[in-house]
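In this chain, residues are counted from 1 in sequence order. Treat the numbers as computed from the prediction; the structure is a model and nothing was measured.
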Amino acid sequence: MNITVLAVGTKMPRWVDEAVNEYAKRFGRDIQYALKEIKPEKRGAGVNAAQGMAVEEKRIVEAVPEGAYLVVLDERGKAPTSLELAAHLKDWQLQGEHVCFVIGGADGMTDALKQRAKMMLRLSSLTLPHGMVRVLLTEQLYRAVSILNHHPYHRE
């Protein structure tokens, strides 16, 4: 199964990259995990939030793997439990889906991009820093895989 995470933003602190890489290497052979950074559009000098999000949307859409099942992270999305996320992952695996998660920029994402998504997912009702979202999403995806593989990482 292929999982791609598209994250608007570059130059994360080293601890973010180290944590994401640590969880990513745990997936094993059955999961091909890739995190791709999307260049954020600079704000100011005549570029407002809406214009910046529109440019970022274009970059995101171009980076989505062809035919991928698109999941956007949004504060208004569903907040699944770890077991529910594992069930989604199992369904996507059975259907042979390439799943692509999108983490928007500082101002979020356009409504058009959200409407393209097959699912909107929320990791928390709290506002989280983008680097933390990368780590949390990767860890939760690893947790979902460990649940499906009956690995003792997840405890109920």
Which heavy atom of [X] sits nearest to which heavy atom of [Y], and what is that distance?
X      : Y     : value
Gly108 : Glu56 : O-OE1, 4.3 Å
Val47  : Gly52 : CG1-N, 3.8 Å
Cys100 : Ala68 : CB-CB, 3.9 Å

Rounded to the nearest 0.5 Å, what separates atom [atom1] in [X] from atom [atom2] in [Y]?
X      : Y      : atom1 : atom2 : value
Leu113 : Leu70  : CG    : CG    : 6.0 Å
His130 : Thr10  : NE2   : OG1   : 11.5 Å
Ile60  : Thr110 : CD1   : OG1   : 7.5 Å
Lys90  : Ile147 : NZ    : CD1   : 12.0 Å
Met53  : Asn48  : CE    : CG    : 8.5 Å
Arg43  : Glu41  : CZ    : CD    : 7.0 Å

Transitively linked via ILVMFWY side-chain contacts under 4.5 Å: [X] with [Y]?
X     : Y      : answer
Leu94 : Leu89  : no
Ile38 : Leu35  : no
Val99 : Leu6   : no
Met1  : Leu121 : yes
Leu73 : Val135 : yes

For the side chain of [X] and the backbone of [Y], is there at least one donor-acceptor N/O pair under 3.5 Å apart?
X      : Y      : answer
Glu84  : Thr81  : yes
Asn149 : His151 : no
Arg122 : Met120 : no

Side chains of [X] and [Y] in contact at under 4.5 Å (non-hydrogen atoms):
X      : Y      : value
Ile3   : Gln32  : no
Tyr33  : Lys25  : no
Glu75  : Ser125 : no
Leu123 : Leu137 : yes
Leu128 : Leu136 : yes
Arg134 : Val16  : yes

Option among Arg59, Lys58, Gln51 that satisfies the side chain to side chain contact (heavy atoms under 4.5 Å, CB included) test with Val55: Arg59
Residues Gln140 and Ser82: side-chain donor-acceptor under 3.5 angstrom: yes
Criterion side-chain hydrogen bond (donor to acceptor under 3.5 Å, both in side chains) on Glu139 and Tyr153, from CA distance to verdict: CA-CA 11 Å; Glu139 189 278 338; Tyr153 179 78; 2.7 Å; yes
Aromatic ring pairing Trp92/Phe101, orientation class (parallel under 30°, perpendicular over 60°, tilted between): perpendicular
Working for side chain to side chain contact (heavy atoms under 4.5 Å, CB included), residues His98 and Glu66: CA-CA 9 Å; His98 182 152; Glu66 189 175 332; over 6 Å; no
Worked verdict on Thr138 versus Phe27 for side chain to side chain contact (heavy atoms under 4.5 Å, CB included): CA-CA 10 Å; Thr138 307; Phe27 281 114; 4.3 Å; yes
Audit row: Glu57, Lys114, salt bridge (charged side-chain N to carboxylate O under 4.0 Å, His left out) steps and yes/no: CA-CA 10 Å; Glu57 175 190 1; Lys114 292 175 193 176; over 6 Å; no
Test log, rule side chain to side chain contact (heavy atoms under 4.5 Å, CB included), inputs Tyr69 and Met119: CA-CA 8 Å; Tyr69 186 99; Met119 177 185 283; 4.2 Å; yes
CA sep, side-chain torsions, deciding dist, call: Arg116, Val61, side chain to side chain contact (heavy atoms under 4.5 Å, CB included): CA-CA 10 Å; Arg116 288 179 90 129; Val61 169; 3.6 Å; yes
